[in-house]
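Here the structure is laid out as structure tokens; the discussion comes afterwards.
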Amino acid sequence: MSTKGLFITLEGIEGAGKSTVARWVGEWLGRHQIRATLTREPGGTPLAERVRQIVLELGAEGLSPTTETLLMFAARGIHLENLIRPALERGDCVVCDRFTDATRAYQGAGRGVDAAWIESLARQVQGSLQPDCTLLLDLPVPMGLERAKSRRAAATDRFEAEAQAFFERVRAAYLELARREPQRIHVIDASAPLRRVERQVTAVLERLPGVARGTPSRDGGSAGGETA
Ligand code: Z5A
């Protein structure tokens, strides 16, 4: 299926600032009169959010890395069919907090799931659809964990319960992905104060095809999409 809108994804370890930046990106696009649909993974639609609950909740039953990977792609399939593809077809810019790079980093590098199998699932679930632009919010792991901890004292999901070494593997995998795909993946120094993070993100957005030609509105305006 061909798409019309831009597909922007945000990635990084927890506490990197993805949710904060996703909101800015939506506002920035709104000011440039570009309709934005803000969403997240796993989740983004009512049904996919139910899969999110299953995959994230700290429960009595274990989930193997293989099962966890399948659940991530099951949620992604639902999300793509019901929200992402229709929004792109309408010409919206879709801003998604995490996508398949998260599976490569968390399930692939973090849990040791076979990278070739992940790519094969990605092809089956996404077809040729890839993000046009990915903002990788990079920061040292202890800093991200500290930020996340300042919001909640104890682990509330199965990833927050992981040790620092797990997140070090995830961070290294993200940086390796960015090294391999520099045209798509833009590394943002997320350890910087929010103002400087915003400036780095704006510089990337201004170079996006189509966006650069957009006319900024004088009075601003908000993203026209929905937040999951
Ligand atoms: N996961 C997976 O394993 N495989 C997959 O395929 C997918 C996901 C799609 C849920 O993700 C989990 O799913 C995730 C990976 C896994 N687990 N982990 N880790 P999530 O995105 O919903 O959860 P999260 O990564 O834990 O998000 P988060 O902790 O909410 O982080 P964030 O969105 O990146 O950060 P934030 O909420 O914008 O900011 C955190 C705090 O830091 C907040 O108080 C901000 O005000 C502050 N902040 C942010 N930036 C700054 C700067 N620059 N300076 C100072 N303070 C800042």
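FYI, the numbering just counts along the sequence from 1. As the structure is a computational prediction, the values presented were derived from the model and not from experiment. Numbering of ligands and ligand atoms starts at 1, following listing order.
- Expressed to the nearest 0.5 Å, how far CG of Leu47 lies from CD of Glu81 amounts to 10.0 Å.
- Judged purely by distance below 3.5 Å, without hydrogens or angles, the side chains of Arg76 and Thr103 pair a donor atom with an acceptor atom.
- Of all the atoms in ligand 1, the ones that sit under 4.0 Å from a non-hydrogen atom of Ala190 are 53 (N).
- Using a 4.0 Å cut-off between a side-chain N of Lys or Arg and a carboxylate O of Asp or Glu, Arg98 and Glu14 do not qualify as a salt bridge.
- The shortest distance between side-chain heavy atoms of Glu41 and Ile84 falls below 4.5 Å.
- Taking the six-membered ring where the residue is Trp, Tyr106 and Tyr174 present perpendicular rings, their angle passing 60° and hence far from 30°.
- Ligand 1 lies nowhere less than 4.0 angstrom from a heavy atom belonging to Arg40.
- Distance check, rounded to the nearest 0.5 Å: CG of Leu83 to OG1 of Thr37 gives 6.0 Å.
- Applying the 4.0 Å criterion to heavy atoms of Ala102 picks out, from ligand 1, the atoms 4 (N), 5 (C), 6 (O), 7 (C), 9 (C).
- Each of the atoms 50 (N), 51 (C), 52 (C), 53 (N), 54 (N) of ligand 1 lies under 4.0 Å from some heavy atom of Leu194.
- Of the protein's non-hydrogen atoms, Phe159 CB, 3.3 Å is the one closest to atom 17 (N) of ligand 1.
- No N or O atom of Glu41 sits closer than 3.5 Å to an N or O atom of ligand 1.
- No side-chain heavy atom of Glu198 sits less than 4.5 Å from a side-chain heavy atom of Leu194.
- Atom 52 (C) of ligand 1 has as its closest protein heavy atom Arg147 NH2, 3.3 Å.
- Looking at Arg207 and His186, their side chains come closer than 4.5 Å, going by heavy atoms from C-beta outward.
- Residue-ligand proximity, Phe167 to ligand 1, at heavy-atom distances under 4.0 Å covers atoms 19 (N).
- Contact between Glu162 and ligand 1 is absent, with no heavy atom of the residue lying under 4.0 Å from the ligand.
- By heavy-atom distance, the residue among Ala192, Pro42, Gly15, Ala105 lying nearest atom 53 (N) of ligand 1 is Ala192.
- In this structure, the protein non-hydrogen atom closest to atom 34 (O) of ligand 1 is Lys18 NZ, 2.6 Å.
- In terms of polar-atom proximity, defined here as any N/O pair under 3.5 Å, Arg98 does make such a contact with ligand 1.
- Between the side chains of Glu146 and Ser150, no donor N or O sits under 3.5 Å from an acceptor N or O.
- The closest side-chain heavy-atom distance from Leu80 to Phe99 is below 4.5 Å.
- For ligand 1, the atoms lying closer than 4.0 Å to a non-hydrogen atom of Ala16 are 34 (O).
- In this comparison of Leu10, Thr100, Val170, Thr20, the heavy atom closest to atom 36 (P) of ligand 1 sits on Thr20.
- At a 4.0 Å heavy-atom cut-off, ligand 1 touches Arg52 through the side chain alone.
- A distance of 11.5 Å separates CZ of Arg111 from OG1 of Thr66, quoted to the nearest 0.5 Å.
- Between Gly17 and ligand 1, an N or O atom pair is found at a separation short of 3.5 Å.
- Each of the atoms 30 (O), 32 (P), 33 (O), 37 (O), 38 (O) of ligand 1 lies under 4.0 Å from some heavy atom of Ser19.
- At least one N or O atom of Thr103, backbone or side chain, sits closer than 3.5 Å to an N or O atom of ligand 1.
- Of the heavy atoms in Asp157, none comes closer than 4.0 Å to ligand 1.
- Of the protein's heavy atoms, Gln107 OE1, 2.8 Å lies nearest to atom 4 (N) of ligand 1.
- Of all the listed residues (Glu160, Glu146, Glu14, Met72), Met72 holds the heavy atom that lies closest to atom 2 (C) of ligand 1.
- Counting heavy atoms under 4.0 Å from ligand 1, residue Val197 touches it through the side chain alone.
- Ranking the protein heavy atoms by distance from atom 37 (O) of ligand 1 puts Arg151 NH1, 2.8 Å first.
- Residues Glu160 and Lys149 are not paired through a salt bridge, judged by the lack of any N-O separation under 4.0 Å between the basic side chain and the carboxylate.
- For Leu56, the closest heavy-atom approach to ligand 1 falls below 4.0 Å.
- At least one side-chain heavy atom of Leu135 sits under 4.5 Å from a side-chain heavy atom of Val25.
- Two residues are said to be in side-chain contact when any heavy atoms from C-beta on lie closer than 4.5 Å; Arg158 and Leu56 fail this criterion.
- Looking at Arg40, its side chain never comes within 3.5 Å of a backbone N or O of Asp97 through a donor-acceptor pair.
- Contact annotation: for Arg76 versus ligand 1, heavy atoms closer than 4.0 Å belong to the side chain alone.
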